[in-house]
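To keep things clear, I will list the structure first and then write my remarks on it.
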Amino acid sequence: MNILITGGAGYIGTHTCVELLEAGHEIIVVDNFSNSLPVALERVEKITAKSVLVYEADISDSQKMSAIFSAHVIDAVIHFAGFKAVGESVKEPLKYYANNVNGTLVLLAEMQRAGVKTLVFSSSATVYGLPETLPIKESFPTSATNPYGRTKLMIEEILSDFYLADDSWRIGILRYFNPVGAHKSGQIGESPNDIPNNLMPFISQIAVGKRDKLRVFGGDYPTPDGTGIRDYIHVIDLAKGHLSALNHLAETQQKGMGELLTVNLGTGQGYSVLEMIKAFEKASGKTIPFEIVARRSGDIAACYSDSSYAKQMMGWKPLYGLEDMCKDAWHWQKNNPNGYEK
Ligand code: NAD
Ligand code: UFG
């Protein structure tokens with residue numbers, strides 16, 4: 001297939017590019033490099049020994065998007081492009097609504113104009129808000145607790161309206177849990193611009209000597225060790241989930257049908273912050289100093305998926321466990337202490 005990937009230079013995008021190229025697909029990346037660097041895609045080319053066609057463009061630029069859709073025959077779009085920092089979204093909501101929601105509207109309009117009707121969209125477990133029970137199923141009620149989460153919910157609703165208006169579209173909404181880890185080569189991985197907000201990159205930076213100590217947000221949650229529990233998923237498994245979604249939607253197309261499919265991509269297994277520290281110490285041989293501080297506002301005690309629907313619908317299941325997640329995150333960090341920056 002010829003697949004257009006928005007935000008393909010980012011953390012999840014680069015890993016998905018590798019999986020797609022290795023599966024024999026042709027890819028075209030559109031990225032404005034607002035949160036990534038072109039070198040990430042050069043690394044993708046190095047890993048796969050294949051070339052990647054890259055357009056430096058903003059997905060909100062309808063003229064450029066229209067020209068890209070005119071220049072190529074595109075079978076499907078995987079849509080990663082967007083901003084993702086929860087805290088920043090609270091401070092600058094307009095930036096998030098403009099980029100995430102408006103960007104998606106422009107993309108959809110251009111897809112519609114070009115007659116490209118297969119889309120895989122990056123949603124997030126954040127759309128479950130504060131789940132009443134665990135594990136989280138796709139049928140659970142959705143809500144948002146911050147502007148970033150609201151952009152994901154809004155886009156899901158837009159996609160649902162879009163599908164209602166024309167049910168010949170094939171749309172896969174993938175709700176990611178907590179992506180971590182890196183490619184086995186140690187060539188691509190997560191490269192935060194600033195002080196990492198997320199647990200795993202913060203721990204990796206401590207291990208490599210860039211930060212002193214982890215602040216564990218809350219030791220008094222109603223969990224076995226009092227720290228927050230999340231469903232960490234290896235980024236390679238997540239990337240493979242996009243292939244499974246595309247294959248599934250292609251089967252739907254072959255049947256002459258349309259579909260709107262919403263699935264969780266998680267492992268179904270939750271780990272606490274203290275368990276993550278221990279696992280990373282084991283994988284890296286480094287000590288991770290930490291102190292338990294107050295809860296972070298907006299955090300929930302525990303969040304993990306029921307991942308059986310993704311298996312049932314797309315035949316996808318995660319292959320990697322916690323040991324690989326930590327080992328591969330460490331391999332990347334050790335090889336690239338400053339991420340992609342020189
Ligand atoms: P990332 O920031 O590494 O990648 C996003 C990419 O999109 C970047 O390369 C950025 O430059 C590009 N981009 C942003 N706005 C753009 C625009 N208007 N036009 C063109 N390119 C643009 O993020 P990621 O971790 O790879 O996440 C990818 C997607 O998955 C995002 O939509 C994110 O919200 C979603 N998601 C991520 C996580 C996570 O924890 N990483 C969890 C759930 C969902
Ligand atoms: N944590 C710490 N210290 C830190 C960072 C995190 O103790 O310095 C804790 C958090 O309190 C939480 C756990 O580690 O218990 C995981 O936190 P992350 O920030 O890594 O991830 P979140 O689950 O808070 O959020 C992430 C993304 C969201 C996304 C969500 C679900 O940041 O955008 O996963 O996909 F919506």
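A cation-pi geometry, defined here as NZ or CZ lying under 6.0 Å from the six-membered ring centre and within 45° of its normal, does not hold between K64 and Y55. A cation-pi arrangement is not found for K84 relative to Y11, the charged atom failing to lie both closer than 6.0 Å to the ring centre and inside a 45° cone about the ring normal.
Side-chain contact, E259 with H248: a donor N or O sits under 3.5 Å from an acceptor N or O. Side chains of Y96 and N146: a donor-acceptor N/O pair is absent below 3.5 angstrom, by distance only. Between the side chains of N264 and D306, no donor N or O sits under 3.5 Å from an acceptor N or O. Neither side chain, N2 nor H72, offers a donor N or O lying under 3.5 Å from an acceptor on the other. Using a 3.5 Å distance cut-off with no hydrogens or angles, the side chains of Y148 and E88 do not pair a donor with an acceptor. Inspection of the T267 and D231 side chains reveals an N or O donor paired with an N or O acceptor under 3.5 Å. Under 3.5 Å, the side chains of N336 and R43 contain a donor-acceptor pair of N or O atoms.
Note on ring orientation: taking the six-membered ring where Trp is involved, the planes of W169 and F162 are perpendicular (angle over 60°, cut-offs 30° and 60°). Relative ring orientation between H242 and F80 is described as tilted, the plane-to-plane angle lying within the 30° to 60° band.
Residues that satisfy the side chain to side chain contact (heavy atoms under 4.5 Å, CB included) test with D220, not counting sequence neighbours, are R295. Applying the side chain to side chain contact (heavy atoms under 4.5 Å, CB included) test to V18 and every residue at least two apart in sequence or in another chain returns E22, V44, I47, T48, H183, I188.
In K137, the NZ atom is not crowded: 12 or fewer heavy atoms of neighbouring residues, nucleotides or ligands sit closer than 6.0 Å. Surrounding NZ of K95 are more than 12 heavy atoms belonging to other residues, nucleotides or ligands, all under 6.0 Å away. Counted within 6.0 Å of NZ on K311, heavy atoms from surrounding residues, nucleotides or ligands total 12 or fewer; the atom is thus considered open.
The pair K213-E291 meets the salt-bridge criterion, since a charged nitrogen lies less than 4.0 angstrom from a carboxylate oxygen. D324 has a carboxylate O that lies under 4.0 Å from a charged side-chain N of K327, or vice versa, which qualifies the two as a salt bridge.
When the side chains of ILVMFWY residues are joined at heavy-atom separations under 4.5 Å, either directly or via intervening members, Y271 and F280 end up in a single hydrophobic cluster. One hydrophobic cluster, built from ILVMFWY side chains closer than 4.5 Å, cannot hold both V90 and I300; they sit in different ones. Both V235 and I5 are members of a single hydrophobic cluster when ILVMFWY side chains are connected at heavy-atom separations under 4.5 Å.
Here OG1 of T227 is found 9.0 Å from CG of L199. Values are rounded to the nearest 0.5 Å. Put simply, OG on S51 and CG on L41 are 11.5 Å apart, with the number rounded to the nearest 0.5 Å. Taken from CG in L214 to CG in L274, the straight-line distance is 9.0 Å, to the nearest 0.5 Å.
Among pairs with a residue in residues 111-127, those fulfilling salt bridge (charged side-chain N to carboxylate O under 4.0 Å, His left out) read E110-R113, K117-D166, at least two apart in sequence or across chains.
Within the 4.5 Å cutoff, no side-chain heavy atoms of V216 are placed close to those of M276.
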